[in-house]
Protein chains: 2
Amino acid sequence: MDHSALFQKVVSFASAVHEVTHEMTRGVKDEDITHVQYKILEYMMFVQPVTPSEIADCVNLSLPNTSRELRKLLEKGLCEKGVDEADRRRQMFRLSEEGQALMGRIFGQEQMRFEQRIAGLSAAELTEIEQALELLRKRVFK
Amino acid sequence: MDHSALFQKVVSFASAVHEVTHEMTRGVKDEDITHVQYKILEYMMFVQPVTPSEIADCVNLSLPNTSRELRKLLEKGLCEKGVDEADRRRQMFRLSEEGQALMGRIFGQEQMRFEQRIAGLSAAELTEIEQALELLRKRVFK
DNA sequence: CCTTTTGGTTATCAAATGATAACGAAAAGA
DNA sequence: TCTTTTCGTTATCATTTGATAACCAAAAGG
């Protein structure tokens with residue numbers, strides 16, 4: 001397998017991931033948030049608390065735009081803000097109760113759709129999936 | 001491994017794929033096209049010729065918006081339009097020479113970045129990657 | 001101290017995208 | 001033939017996102 005063919009497989013794979021992600025997160029539009037706001041909340045589900053700079057890096061947003069979206073999330077009551085007492089320039093953001101609840105609803109729906117996709121797979125097959133995820137994460141999508 | 005944990009791994013994996021894709025396609029902004037226009041051209045690199053409806057489905061765009069973007073691509077001379085003689089409602093789009101060339105440039109850059117990611121991996125490891133891609137594609141991202 | 005750097009915010013503007021209505025032309029179907 | 005459905009286009013508007021400049025406050029570093 002030459003590199004060029006592998007590369008094309010990766011591109012088309014990434015495209016499929018995008019498509020499935022889009023389909024699974026379809027429930028986002030029922031809640032009153034935009035797509036980038038969802039990305040921020042999703043990130044906070046895994047890392048918390050988090051500073052605007054970190055978010056800007058990971059969600060690929062400029063710092064001013066990150067700040068704007070965080071303000072909107074604050075206004076909606078979906079996250080909370082605190083200050084790092086060790087370095088008072090750093091603003092620490094975390095999900096509010098309401099934010100947790102919202103993400104719980106969305107993840108719940110998403111997970112149901114995910115369950116449908118993997119319905120009927122054996123435990124061994126699920127383990128294979130998990131290993132494939134870890135392999136690609138380590139070697140390609142790091 | 002319970003379903004909930006696997007689900008979370010998939011979500012965070014998808015997020016990593018997004019991020020790496022974003023980084024690899026950074027070269028798109030050097031060319032005079034937008035992100036969705038790039039997605040359309042990318043799709044046409046794999047499937048050709050293609051109708052507006054197919055694109056709308058695969059790129060997750062409404063038909064009117066697809067039509068608008070295709071018109072812009074036509075205006076830029078990056079694709080060409082024909083009619084399906086068997087069903088004259090169907091419009092067949094394909095990349096023009098110039099469109100091919102443009103995508104060649106972008107894919108070239110992307111592939112270089114990809115090469116850096118997989119630099120130093122053995123043939124066996126590359127095969128593992130390929131198999132992992134196929135597995136996930138078949139079981140999860142279909 | 002004083003200067004520079006870092007982290008963050010606000011404001012503002014341009015561009016891209018999403019959504020919808022209205023329309024036409026070809027095909028399918030009664 | 002007449003009606004309905006499918007495929008596509010154009011136009012228009014609202015919203016989202018991207019980009020940039022100007023600014024403040026805290027920290028770092030001399």
Side-chain angles (χ1 to χ4, degrees), chain A residues 18-19 21-23 25-44 47 49-76 78-94, chain B residues 18-19 22-23 25-44 49-76 78-94:
Chain A
H18 274 78
E19 209 177 319
T21 300
H22 181 274
E23 138 74 11
T25 58
R26 172 158 51 90
V28 169
K29 68 174 180 355
D30 296 336
E31 310 285 347
D32 185 30
I33 56 174
T34 70
H35 183 251
V36 311
Q37 285 162 11
Y38 169 74
K39 289 300 289 177
I40 292 175
L41 296 178
E42 183 190 270
Y43 182 67
M44 291 200 286
V47 184
V50 70
T51 67
S53 304
E54 276 174 67
I55 295 177
D57 273 355
C58 298
V59 186
N60 288 304
L61 224 47
S62 71
L63 198 47
N65 290 336
T66 303
S67 183
R68 173 184 63 200
E69 298 307 321
L70 283 170
R71 179 173 45 72
K72 289 181 185 167
L73 291 174
L74 283 171
E75 284 166 3
K76 292 177 207 271
L78 298 174
C79 64
E80 291 162 353
K81 186 180 180 176
V83 184
D84 178 357
E85 286 304 331
D87 179 346
R88 298 182 51 77
R89 286 171 306 182
R90 289 160 56 83
Q91 308 293 315
M92 309 306 287
F93 286 82
R94 63 182 69 249
Chain B
H18 275 78
E19 210 178 319
H22 182 272
E23 139 72 13
T25 58
R26 173 157 52 88
V28 170
K29 68 172 180 356
D30 296 336
E31 308 286 345
D32 185 31
I33 55 174
T34 70
H35 183 250
V36 312
Q37 284 163 12
Y38 169 74
K39 289 300 289 179
I40 293 175
L41 295 179
E42 183 190 270
Y43 182 66
M44 291 201 285
V50 70
T51 67
S53 304
E54 276 174 67
I55 295 178
D57 273 354
C58 298
V59 186
N60 287 304
L61 223 48
S62 70
L63 198 46
N65 290 336
T66 303
S67 184
R68 173 183 61 198
E69 298 307 321
L70 283 171
R71 179 173 44 73
K72 289 181 185 169
L73 290 174
L74 283 172
E75 285 167 2
K76 292 177 208 270
L78 298 175
C79 65
E80 291 162 353
K81 186 180 180 176
V83 184
D84 178 358
E85 287 304 331
D87 178 347
R88 299 182 50 76
R89 287 170 306 183
R90 289 161 55 83
Q91 308 293 314
M92 310 306 285
F93 285 83
R94 63 181 69 250

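So that the names make sense, note that chain A is the first sequence line, chain B the second, and so on, each numbered from 1.
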Can you pull out every salt bridge (charged side-chain N to carboxylate O under 4.0 Å, His left out) where at least one residue sits in residues 32-41 of chain A? Sequence neighbours excluded, please. A/D32-A/K76, A/K39-A/E42
According to salt bridge (charged side-chain N to carboxylate O under 4.0 Å, His left out), does anything in residues 55-69 of chain B pair up with another residue at least two apart or in another chain? List the pairs. B/E69-B/K72
Measure the CG-CE distance between B/L78 and B/M44 for me, rounded to the nearest 0.5 Å. 8.0 Å
Sequence neighbours excluded, which residues qualify as side chain to side chain donor-acceptor pair (under 3.5 Å) partners of [X]?
X	result
A/E19	none
A/E80	none
A/S62	A/N65
B/R26	B/E23

Sequence neighbours excluded, the answer for side chain to side chain contact (heavy atoms under 4.5 Å, CB included) partners of B/T25 is B/T21, B/V28, B/Y38, B/E110
Using OP1 and OP2 only, check whether a side-chain N or O of B/K81 sits under 4.0 Å from D/dT9. yes
Nucleotide [N], atom [atom2] - distance to [atom1] of [X] in whole Å:
X	N	atom1	atom2	value
B/M92	C/dA26	CE	P	17 Å
B/L73	D/dT9	CG	P	12 Å
A/R26	C/dG18	CZ	C1'	17 Å
A/I40	D/dT17	CD1	P	9 Å
B/R90	D/dT9	CZ	P	13 Å
A/K39	D/dG18	NZ	P	13 Å
A/F93	C/dG7	CZ	C1'	11 Å

Among residues 56-72 of chain B, which contact DNA chain C at a heavy-atom distance under 4.0 Å? B/L61, B/P64, B/N65, B/R68
Please work out which residues in residues 28-35 of chain B have a non-hydrogen atom less than 4.0 Å from an atom of DNA chain D and list them by number. none
Nucleic acid footprint by protein, nucleotides 25-30 of chain D - heavy-atom cut-off 4.0 Å, B for base, S for sugar-phosphate alone: -BS---
Sequence-distant partners of B/R71, salt bridge (Lys or Arg N to Asp or Glu O under 4.0 Å), two or more places apart: B/E75
What residues form a salt bridge (Lys or Arg N to Asp or Glu O under 4.0 Å) with B/R88, not counting sequence neighbours? B/E85
Is any side-chain heavy atom of A/I55 less than 4.5 Å from a side-chain heavy atom of A/L61? no
